[in-house]
There are 2 protein chains.
Amino acid sequence: MNKSVGIKDVAAAAGVSVTTVSHVLNDVAYARVGAETRERVQEAAHRLGYGPNRLAQALRTQRSGMIGFISEEIATTPHAGRIILGAEETARARGYRIMIINSTSTSSQDSKESQVADLLDRQVDGILYATMYHRKLAVPRNLAGLPAVLVDSEDISNTVSSVIPDEVRGARSAVQTLIDAGHTRIGMLNNTDDVPATHSRLRAFKETLADAGLPFHEELVQSEHSEVSGGYQAALRLLKPQSRPTAVFCYNDRMAMGAYRAASELGLRIPDELSVVGFDNQELIAENLHPALTTVALPHYEMGAWATENLIDAIEGKTDLALFAAHPTVLECPLVVRDSVAAPAA
Amino acid sequence: MNKSVGIKDVAAAAGVSVTTVSHVLNDVAYARVGAETRERVQEAAHRLGYGPNRLAQALRTQRSGMIGFISEEIATTPHAGRIILGAEETARARGYRIMIINSTSTSSQDSKESQVADLLDRQVDGILYATMYHRKLAVPRNLAGLPAVLVDSEDISNTVSSVIPDEVRGARSAVQTLIDAGHTRIGMLNNTDDVPATHSRLRAFKETLADAGLPFHEELVQSEHSEVSGGYQAALRLLKPQSRPTAVFCYNDRMAMGAYRAASELGLRIPDELSVVGFDNQELIAENLHPALTTVALPHYEMGAWATENLIDAIEGKTDLALFAAHPTVLECPLVVRDSVAAPAA
DNA sequence: CACTGACTTGTTCATTGGTCTCCCACGTCC
DNA sequence: GGACGTGGGAGACCAATGAACAAGTCAGTG
């Protein structure tokens, strides 16, 4: 299209060599350029609307200022969007840009490696690898050894650093808010998938009850697939009149939505006759249920931001990611208080 | 890190010049290379795991194989994710990659221009510009003249080509499905924002009624802000016993969710006593309401894909985008039939 | 006063990893 | 023995960076 202006054009306009332009514009420390010349160059660059060709720059300096971002299932959950946003904003603030590649949780190890290789051919300075939900995984082999951070998942071999949500503390604060409201008979709707969250949220549930001196009743934990329909079914079982709890902690907001429906059908008013807390803070659900759902937020934005910040630090030699690799960094899951929790009926 | 292999290494390994390696690997038509040499080069390249440095390639060929993607509010709606996915998959299939930049609908014209300039400095071959919802906008001035496609919005000056959803036909099919079910008294819950969708969906509503020979009653259109609470309020007004319709067409799924609540409070069973259709197909809502919501899907994935396909065609000189610029391309909004529509009660 | 050394101010040239346009060497054929 | 075909290489080029060096000025010095 329109011949974009290069450093040569600026040099010609300012009547100096390209080197001098480069020195001035990059503010090179050892370069000796007179104040007047310096100004002339800057004026010319500005007047021509010059911006350096980042590709040529990258080729020469061996630093592209690009970060590869491999994300599983970009579009299936709103969560990925928040991770991307956290990464993009952080990267941009530090002068980097994000190159995105969509992956799937089911794609082969080979195809994942070729995605990494692809990014490497394009000379990215580092790689962010985000999964759809928190789990342990085998990272592509060619990821090892280069600046990389896993987001919302852990490397099974602990060679790549990662950042994950603090499931346990998040779940504890959810249960604690029910206890604080005065509930002593609390149920849980759990997931049936064998993922870390299933186990850690249940563990947190038990521990928090124990810490409060409350007994744990096996029959007050009902498990189903983690969808609205699963939550509905599990809630129907849980809310049988004879053994009914006054509050329920749900594995996620979708199951909580199912619990709302079950409660409605059983004529139970939330929060007066049943308190509910969820997990995930899926805004579309949590904000729009009636009453609005108190839930625990997953720090997706923050994980994206943390991962990017530390990746860039590593790229720039300010950090050694290997120090983080042994243990994933855990980020807080804050409780989002809305209107679904009240004191138990008298 | 580990010195990645370059074309020189391959050349040395195969005992030929870099020129020959380049010729072989790029399958240059005019190059004359013997079959045996050709094979030796390929073997060496494969053995060393050689992939060309795309930056160097881009610098020389003036083609980066990268597409800039500016998206408003990446994370606030799940829609953006689907556009990105459509764009990413299409781009990747054609050997391009997506570089993403998040923008906001409120950011200044200047900052939008600098985002474009930024992408240009990084030598993207073209730009995709996606908005959060369908509207007309003034594009950054420096977007004009280069390969670019607007996604889900129209250029106010008609200089940049764009792709948008077929609001009218989508809304018509939503209303038609109610008419087909036997409804003659149909209400609408509309948005109050002055955006194209508000007007075109209302127009489609009126037209479809007229085409079916049904009267239009002013009081059967209730408008509120396009959220769950707005839908609830508007539905309460609409569903007053004396003038109650048997079916309602909602501006979007969030308003439909509000209508569900209103119906529930009024003791109206969906779909037996009230049929509901939404718009947007926000899966989290539409699939999980009970009964599941029949709605109209916005073709976000398809718009992303179409935009990318045509952008690349333009980049590669196969199309002239200027031909499309005069009129936005409209993509079908398919009806997604679920369980919220039935024949009116007798 | 001429020479030296230091300092200032820029420039020259190689380099990054490729692509691409000639160009050359060597046979063969008529 | 010139034209032609075949196989392959030399070197410019893309737009920048950076190490090394050069030209000019000035003060000090013997």
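Predicted model only: the values in this text are computed from it and were never measured. All chains are named by letter (A, B, ...) in the order of the sequence lines, taking the proteins before the strands, and each is independently numbered beginning at 1.
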Considering only NZ, NE, NH1 and NH2 on the basic side and carboxylate oxygens on the acidic side, decide whether [X] and [Y] come within less than 4.0 Å.
X: Asp313(A); Y: Arg94(A); answer: yes
X: Asp27(B); Y: Arg38(B); answer: yes
X: Asp118(B); Y: Arg92(A); answer: no

(message) So if I take every side-chain heavy atom of Gln62(B) and compare against dA16(D), dG17(C), dC14(D), which nucleotide ends up nearest?
(response)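 Nearest to the side chain of Gln62(B) among the choices is dC14(D).
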
(request) Say whether, by atom type as modelled, one donor and one acceptor occur between the side chain of Asn102(A) and the main chain of Leu85(B) under 3.5 angstrom. (result) no

(message) Counting the atoms with a prime plus P, OP1 and OP2 as sugar-phosphate, which does Leu59(A) contact under 4.0 Å by heavy atoms, base, sugar-phosphate, or nothing?
(response)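 The answer is base, as Leu59(A) lies within the cut-off (heavy atoms under 4.0 Å) of a base atom.
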
(request) May I ask you to decide if the ring planes of His79(A) and His300(A) are parallel, tilted or perpendicular, using 30° and 60° as cut-offs? (result)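 Plane angle under 30°, so parallel.
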
(request) Quick one: sort the His23(A) and Tyr30(A) rings into parallel, tilted or perpendicular, breaks at 30° and 60°. (result)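 Taking Tyr30(A) first and then His23(A), their aromatic rings stand perpendicular (interplane angle over 60°).
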
Gap between atoms [atom1] and [atom2], on [X] and [N] respectively (whole Å):
X: Gln123(A); N: dG17(C); atom1: CD; atom2: C1'; answer: 9 Å
X: Ile7(B); N: dG9(D); atom1: CD1; atom2: P; answer: 12 Å
X: Leu25(A); N: dG18(D); atom1: CG; atom2: C1'; answer: 15 Å
X: Asn26(B); N: dC20(C); atom1: CG; atom2: P; answer: 7 Å

(request) Using a 4.0 Å heavy-atom cut-off, write out nucleotides 7-13 of chain C from 5' to 3' as B (base contacted by protein), S (sugar-phosphate only) or - (no contact). (result) -SBBBBB

(message) What I want to check is whether the side chains of Ser114(A) and Ser111(A) have a donor and an acceptor closer together than 3.5 Å.
(response)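 No, because no side-chain N or O of Ser114(A) sits under 3.5 Å from a partner of the opposite role on Ser111(A).
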
(request) Name all residues meeting the ring-ring contact (aromatic ring centres under 6.0 Å, His included) criterion together with Tyr133(B); count only those two or more places apart in sequence or in a different chain, and write none if there are none. (result) none

(request) Taking only heavy atoms on the protein side, list every residue of residues 41-54 of chain A lying under 4.0 Å from any atom of DNA chain C, sorted numerically. (result) none

